[in-house]
Engineer: 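Pasting a structure below so you can have a look.
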Amino acid sequence: MEALAHQFFNLDIMRQAWPIILQGFGMTLLLCLAVIPLGLAGGLLVATASLSKSRALRWTVKGFNDVFRALPPLVVLILLYSGLPFAGIRLSPFAAVCLAFLLNNSSFYGEIYRAGIESVGRGQWEAARSTGLSAPHTFAYVILPQAVRNVIPDLVSNTVEVVKLTSIASVVSFTELLYAADMARSVTFNTSPIVLAALIYLVILWPVVRLMSRLEHRVAA
Amino acid sequence: MSAFERFLESFFNPKLMLRYWPDIAQGMLVTVEIALAVLASGLALGLGLALARSYRIAPVSAAIVVFVDVFRALPPLVLILIIYFGLPSVGVNLSAFAVLWLVLSLVLAAFAEEAIWAGILSVRRGQWDAARSTGLGFGQALIHVVLPQAVRLAIPPLTNRTIAITKNTALGTVIGVGEVINQAQTAVSFSGNATPLMMAAVGYLAIFAPVVALGAFIEKRFAWRRA
Amino acid sequence: MTSGPLAANGAERPILQVRGLVKRFGALEVLKGIDFAVAPQELVFVIGPSGSGKSTLLRCCNRLEEPDEGSIMVDGVELTDPRCDINAMRRRIGMVFQSFNLYPHLSALRNVTLALRKVLRKSRREADEIGRAALARVGLSDKVAAYPAELSGGQQQRVAIARALSLEPKIMLFDEPTSALDPELVGSVLATMRDMRESGLTMVVVSHEMRFARDAADRVVFMDGGRIVEEGTPEKIFTAPENPRARAFVAEIAR
């Protein structure tokens with residue numbers, strides 16, 4: 001029991017690791033601020049394209065979605081970070097992570113938007129167009145706001161996954177929360193720094209997870 | 001050598017493909033093994049937990065909720081590192097393969113419990129009434145009447161999550177599990193060439209593209225009107 | 001006027017005997033001391049405005065709702081006794097619900113045979129045989145393999161009746177069996193109930209089908225505000241009720 005406490009909940013080591021972990025946490029927040037808006041915007045683009053009249057565009061988007069649903073995000077990241085230099089393109093860890101997340105998350109957010117857009121009745125289009133609104137205006141002011149509202153739970157739940165996913169940036173040596181914690185672990189030979197990092201993730205994400213499951217159960221009941 | 005040839009040379013080098021395909025194939029086998037093991041144990045555990053929660057024994061339910069929340073909120077990679085580096089020093093030695101399997105199973109169990117429990121809650125009260133009025137006990141009504149409906153309701157929301165979690169087998173490379181991307185990274189460092197990475201990408205597509213297609217089919221098949 | 005057990009005709013022991021039944025939901029007292037008895041082969045109609053406690057009374061009779069006070073005897077067994085095997089008793093008390101409550105994932109036959117197999121532990125062959133007979137009795141021999149979603153409301157309700165009937169209950173409770181049905185489908189369900197009545201089944205029916213009550217009921221019970229306010233023959237209750245609220249209610253549903 002004592003060994004367990006010493007190995008996982010060593011307060012001394014946690015205190016020592018705190019400054020570097022806090023720094024890592026700052027980088028995680030920064031990363032989130034970059035990749036979440038990127039994903040939301042990319043998703044919108046993907047959703048719009050997937051509803052386009054052009055068959056070529058629709059098929060391209062479908063291919064894009066299929067590829068990034070099948071590839072693990074870590075693999076996409078490694079391909080970009082370790083593969084691109086062979087083509088003469090050297091990305092910083094931050095840039096590689098942003099690009100990988102843009103590709104991966106656009107397809108997931110895109111599917112969510114699309115479901116939302118499809119959930120808005122045909123009558124909304126017809127009503128808006130009958131008042132003389134152009135198609136882009138109808139989409140932007142009538143369809144999209146309703147669509148987004150219909151899928152807010154899914155958007156939130158996907159965003160939680162994106163925040164969790166930022167931890168894979170540690171694999172390409174981006175100094176975010178998990179990387180910082182793992183560095184502290186390798187210096188101290190003790191797991192407590194990673195437990196500390198886990199606690200930080202919990203503090204941030206637990207309230208959201210709790211809220212989501214309450215919403216889900218309310219809808220279900 | 002033209003730029004195009006150089007590109008082919010670094011990304012699609014036939015000689016290297018020939019040399020490394022057994023490694024990549026070996027990695028694919030490992031990936032499939034872990035994914036299947038995670039699928040079986042994760043879904044079974046999630047189902048068991050949802051059933052346990054139906055009995056509404058307060059301490060049991062509370063423990064399940066905490067477990068589910070924690071495993072939904074924590075990044076799997078964090079859990080993998082904690083268990084892989086922490087357990088040996090308290091005397092538990094698990095192989096990297098076992099750690100990966102354990103963590104992903106627990107994560108999948110958490111999401112599965114959540115989805116199936118939501119399904120159980122959304123089965124109408126009248127179903128319980130009807131079952132109990134014919135003399136079925138609580139457990140019998142749960143197993144034969146409520147659960148089959150709950151699972152059907154749970155399948156569409158659970159499908160994508162399940163696929164995402166099985167794809168997390170790639171995280172095993174961080175602790176040296178010899179799955180596809182791990183094999184490819186090793187091959188890249190030996191060959192100084194990106195061809196193994198492209199082979200890995202194709203390997204993953206070969207494994208998971210059918211899974212994604214199957215998932216889409218299942219989702220459609222079970223998008224089923226509740227009675 | 002309330003009725004003692006003697007309201008059940010003759011000296012025969014009543015199948016169902018309720019005494020002093022009280023049921024509360026939180027602070028709300030839904031049943032305020034009900035005394036009620038049903039003799040073998042009797043068909044009793046329970047009517048009353050919504051919220052009068054009819055459904056709750058019915059649901060207490062197989063303890064889908066737990067009574068707070070009072071006693072409920074079915075076929076000589078005290079249901080509120082903690083030693084009573086409620087599951088064994090429930091299969092002798094058939095229940096039919098307003099919303100049918102068929103199991104959507106099972107075929108009509110499997111809906112009927114589930115309890116036969118799991119409660120009575122019958123073999124699949126035997127359960128199927130009984131199930132087919134029960135479905136034949138409600139006129140649905142051709143729908144054995146159909147799923148609930150493929151059946152009309154009237155057919156679903158008849159499957160639900162067959163499900164209860166197949167367990168050979170001593171008494172059947174009907175909780176507004178026709179009020180969720182389109183008017184043109186009501187007839188088939190009532191015909192089935194009439195047929196059951198003629199075969200001598202004891203029935204308690206919560207319903208406002210007055211024509212059926214006049215034709216088939218032995219006795220009509222009028223409930224209001226959690227009490228039985230008046231009871232008597234259909235003739236009496238529907239033409240000359242004594243209680244003013246009963247009179248107003250009957251006038252309302254007769255319109």
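A note on names: the letters A, B, ... follow the listed sequences, proteins ahead of strands, and every chain is numbered from 1.
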Engineer: To the nearest 0.5 angstrom, please state how far the CD atom of B:Glu114 sits from the OG atom of A:Ser213.
Structural biologist: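 Between B:Glu114 CD and A:Ser213 OG, I get 4.5 Å after rounding to 0.5 Å.
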Engineer: When you measure from the centre of the six-membered ring of B:Phe208, is the NZ or CZ of A:Arg69 under 6.0 Å away and within 45° of the axis?
Structural biologist: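 No.
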Engineer: Taking the side chain as everything from C-beta on, heavy atoms only, tell me whether A:Val171 gets closer than 4.5 Å to B:Leu77.
Structural biologist: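 Of all side-chain heavy-atom pairs linking B:Leu77 with A:Val171, at least one is under 4.5 Å.
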Engineer: Measure the shortest side-chain to side-chain distance between A:Asp182 and B:Phe85 over non-hydrogen atoms and say whether it is less than 4.5 angstrom.
Structural biologist: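 Yes, their side chains come closer than 4.5 Å.
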Engineer: Which atoms of A:Ile168 come close to chain B, meaning under 4.5 Å heavy atom to heavy atom: side chain ones, backbone ones, both, or neither?
Structural biologist: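 Both the backbone and the side chain of A:Ile168 come within 4.5 Å of chain B.
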Engineer: Looking only at heavy atoms and a cut-off of under 4.5 Å, which of A:Pro85, A:Ala197, A:Ala87, A:Pro193 has the most pairs with chain B?
Structural biologist: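 Maximum pair count with chain B is reached by A:Ala87.
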Engineer: Is chain A contacted by the side chain of B:Val65, its backbone, both, or neither, given a heavy-atom distance below 4.5 Å?
Structural biologist: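 Just its side chain gets close to chain A.
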Engineer: Testing the basics here: between A:Val75 and B:Ala170, what is the closest heavy-atom pair and its distance to 0.1 Å?
Structural biologist: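 Closest approach of A:Val75 to B:Ala170, heavy atoms only: CG2-CB, 3.9 Å.
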Engineer: Got a second to check how far A:Leu165's CG is from B:Asn168's CG, nearest 0.5 Å?
Structural biologist: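 Separation between the atoms: 8.0 Å.
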Engineer: Is there side-chain contact between A:Pro72 and B:Thr169, with at least one heavy-atom pair below 4.5 Å?
Structural biologist: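 With C-beta onward as the side chain, the pair stays apart.
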Engineer: What is the minimum heavy-atom distance between A:Thr191 and B:Gly86, and which atoms define it?
Structural biologist: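 Scanning both residues completely, I find the closest heavy atoms to be OG1-CA, 3.1 Å.
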Engineer: Heavy-atom distances under 4.5 Å only: say whether B:Asn160 touches chain A with side chain, backbone, both or neither.
Structural biologist: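 Only the side chain of B:Asn160 comes within 4.5 Å of chain A.
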Engineer: Quick one: of B:Thr195, B:Val188, B:Val78, B:Leu87, who has the most non-hydrogen atom pairs under 4.5 Å with chain A?
Structural biologist: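 Most heavy-atom pairs within the cutoff with chain A belong to B:Val78.
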Engineer: Side chain, backbone, both or neither: which part of B:Ala201 has a heavy atom under 4.5 Å from chain A?
Structural biologist: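 Both parts, backbone and side chain.
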Engineer: Using only atom types and a distance under 3.5 Å, with no angle test, would you say the side chain of B:Lys167 pairs donor to acceptor with the backbone of A:Leu74?
Structural biologist: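 No, because the side chain of B:Lys167 does not come within donor-acceptor range (under 3.5 Å) of the backbone of A:Leu74.
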Engineer: Given heavy-atom pairs under 4.5 angstrom as the criterion, report whether the side chain, backbone, both or neither of A:Phe108 touches chain B.
Structural biologist: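 Contact with chain B: side chain only.
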Engineer: Which atoms form the tightest heavy-atom contact between A:Phe86 and B:Ala194, and what is the distance?
Structural biologist: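 For A:Phe86 and B:Ala194, the tightest heavy-atom pair comes out as CD1-CB, 3.4 Å.
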Engineer: Look at B:Asp69, B:Val90, B:Leu197, B:Val212 and state which one has the largest set of heavy-atom pairs under 4.5 Å with chain A.
Structural biologist: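 Among B:Asp69, B:Val90, B:Leu197, B:Val212, the one with the most close pairs to chain A is B:Asp69.
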Engineer: Heavy atoms only, distances under 4.5 angstrom: which of B:Ile207, B:Val174, B:Leu81 has the most pairs with chain A? Name it, please.
Structural biologist: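 Option with the greatest count: B:Leu81.
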Engineer: Less than 4.5 Å to any heavy atom of chain B: does that hold for the side chain of A:Glu111, its backbone, both, or neither?
Structural biologist: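 A:Glu111 has no heavy atom closer than 4.5 Å to chain B.
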Engineer: Side chain, backbone, both or neither: which part of A:Leu178 has a heavy atom under 4.5 Å from chain B?
Structural biologist: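 For A:Leu178, the side chain is the part near chain B, not the backbone.
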Engineer: Would one find more than 12 heavy atoms of other residues, nucleotides or ligands at under 6.0 Å from atom CZ of A:Arg90?
Structural biologist: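 For A:Arg90, atom CZ is not crowded (no more than 12 foreign heavy atoms under 6.0 Å).
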Engineer: So what's closer than 4.5 Å to chain B heavy atoms on A:Ser170: side chain, backbone, both or neither?
Structural biologist: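 Just the side chain, heavy atoms under 4.5 Å.
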Engineer: Are any of the side-chain heavy atoms of A:Gln7 and B:Pro88 separated by less than 4.5 Å?
Structural biologist: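 Not in contact.
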Engineer: Heavy-atom distance under 4.5 Å to chain A: side chain of B:Ile181, backbone, both or neither?
Structural biologist: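 Contact with chain A involves the side chain of B:Ile181 alone.
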Engineer: If I compare all heavy atoms of B:Phe71 with all of A:Lys164, which pair ends up nearest, and what's the gap?
Structural biologist: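 Here B:Phe71 and A:Lys164 meet closest at O-NZ, 4.4 Å.
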Engineer: Please report the shortest heavy-atom distance between A:Leu202 and B:Ala73, naming the atom on each side.
Structural biologist: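 Distance-wise, the nearest heavy atoms are CD2-CB, 3.8 Å.
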Engineer: To the nearest 0.5 angstrom, please state how far the OH atom of B:Tyr84 sits from the CD1 atom of A:Ile194.
Structural biologist: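 Result: 12.0 Å between the selected atoms.
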Engineer: How far does CG of B:Leu74 sit from OG of A:Ser167, to the nearest 0.5 angstrom?
Structural biologist: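 If we round to the nearest 0.5 Å, B:Leu74:CG and A:Ser167:OG are 10.0 Å apart.
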Engineer: Where on A:Ala198 is there a heavy atom nearer than 4.5 Å to chain B: the side chain, the backbone, both, or neither?
Structural biologist: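 Both parts, heavy atoms under 4.5 Å.
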